[in-house]
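Report on one structure; see the data block that follows.
Being a predicted model, the structure only gives us computed values, none of them experimental.
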Amino acid sequence: MSRARKSNLDFRHELSVDFVQALAADWKENGTAVIARVRQDAPDKYCELVAKTVPKEMLISSDRASGDFSDCQSQADIAIRLLKDVGVPDGCATPSMIEAAVEAQLLFVETLEKIAKGN
């Protein structure tokens with residue numbers, strides 16, 4: 001490898017290290033406030049951040065303990081719980097998502113009733 005190329009790679013590596021260290025320092029100082037501000041100012045971006053950052057398995061497994069629907073008061077409550085079970089972060093289900101999930105539940109129940117009747 002030429003001396004100039006090696007020097008360029010060393011410079012890039014040093015620049016990357018400096019950038020990551022500066023980013024980490026900034027995050028320690030401002031991260032919590034930034035997350036709160038994003039949640040308030042752009043809830044869709046906040047949900048996107050959660051979905052991209054937290055592994056889906058963690059989101060699903062954290063809700064598994066609450067897989068009992070006894071505290072649900074409506075079809076919409078059940079829909080929200082089911083949407084959370086498939087990875088929609090808490091509080092991120094839109095009205096249209098909830099409506100579609102309720103329709104899917106009703107279709108599922110209707111199909112089960114047909115099966116039960118032998119059809």
Ignoring hydrogens and angles, write down the donor-acceptor pairs under 3.5 Å from the side chains of residues 94-107, residues two or more places apart or on other chains.
residue : atom : partner : partner atom : Å
Thr94   : OG1  : Ser96   : OG           : 3.2
Thr94   : OG1  : Met97   : N            : 3.1
Gln105  : OE1  : Gln75   : NE2          : 3.1
Gln105  : NE2  : Gln75   : O            : 3.1

Side-chain donor-acceptor distances from residues 22-34 under 3.5 Å, at least two apart:
residue : atom : partner : partner atom : Å
Asp26   : OD1  : Asn30   : ND2          : 2.7
Asn30   : ND2  : Asp26   : O            : 3.4

- Item | Chi angles and distances behind the salt bridge (Lys or Arg N to Asp or Glu O under 4.0 Å) call for Glu110, Lys114 | CA-CA 6 Å; Glu110 182 181 317; Lys114 286 179 182 177; 3.7 Å; yes
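Side-chain atoms of His13 and Val17, non-hydrogen and from C-beta on, do get closer than 4.5 Å to each other. Annotation: side chain of Asp41 is not in contact with side chain of Tyr46 (no heavy-atom distance under 4.5 Å).
With rounding to the nearest 0.5 Å, the separation of CG in Asp90 from CD1 in Ile80 is 9.0 Å. Atom OG of Ser16 and atom CD of Gln21 lie 11.0 Å apart (nearest 0.5 Å). Here Cys92 contributes atom SG and Leu83 contributes atom CG; the two are 11.0 Å apart, rounded to the nearest 0.5 Å.
Among residues two or more places apart in sequence or in another chain, the salt bridge (Lys or Arg N to Asp or Glu O under 4.0 Å) test is passed with Arg39 by none.
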